[in-house]
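Report on the following structure.
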Amino acid sequence: LINSWVAQVMGTQFPWGILVVNILGGLAMGVIAELGAQSMTMAHETRAFLTTGILGGFTTFSAFSLDTALLIERGELLNASVYVLASVIGSVGALFAGLYLVRLASA
């Protein structure tokens, strides 16, 4: 819904809608993660439901963002960099591999 609305406002030449959804998901993940860390009343199951369940349905990029932030906060800058590069390059590369395999099978 957000993607469609942003595309109507901003156009479709650039994936603005998905970018907005991913950024909103990252913001929501940060809020929920910090509230869960600071609150003794938020059960682990509730936090998992909100982050994995709800935000996972909204955008998996929020989980990727949290993992990256945790690595950075632990001072593991090299691991964070490797994770970001491997995730982006690996995911886009896998997408192209999937396109290729389907095109090869249907040729």
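Below, all heavy atoms of this structure are taken into account, side chains as well, without hydrogens, waters or symmetry copies.
Summarising the local packing, CZ of F96 is surrounded by 12 or fewer heavy atoms from other residues, nucleotides or ligands at distances under 6.0 Å. Few gaps surround CG on L104; more than 12 heavy atoms of other groups in view lie less than 6.0 Å from it.
The structure places CG of L19 at 10.5 Å from CG of N3, a figure rounded to the nearest 0.5 Å. Between the CG atom in L66 and the CD atom in E73 there is a gap of 8.5 Å [rounded to 0.5 Å]. Separating the CD1 atom in I72 from the CG atom in D67 is a distance of 11.0 Å, to the nearest 0.5 Å.
When atom types are taken as modelled, the side chain of T46 and the backbone of M42 share no donor-acceptor pair closer than 3.5 angstrom.
No continuous path of hydrophobic side-chain contacts links I18 to L24 [ILVMFWY only; heavy atoms under 4.5 Å]. Side-chain heavy atoms closer than 4.5 Å link hydrophobic residues (I, L, V, M, F, W, Y) into clusters, and following such links, possibly through other members, connects I32 to F58. Taken together through direct or relayed side-chain contacts under 4.5 Å among Ile, Leu, Val, Met, Phe, Trp and Tyr, I23 and V84 form parts of separate hydrophobic clusters. Hydrophobic clustering (ILVMFWY, side-chain heavy atoms < 4.5 Å, transitive): F64 and I54 are in distinct clusters. M10 and W5 fall within the same hydrophobic cluster, where Ile, Leu, Val, Met, Phe, Trp and Tyr residues are linked whenever their side-chain heavy atoms come under 4.5 Å apart, directly or through other members.
Pairing each heavy atom of G26 with each of S62, the nearest pair is N-CB, 3.9 Å.
Side-chain contact between V21 and F61 is absent, with no heavy atoms from C-beta onward closer than 4.5 Å.
Q8 is linked by a side-chain hydrogen bond (donor to acceptor under 3.5 Å, both in side chains) to nothing, counting only residues two or more places apart in sequence or in another chain.
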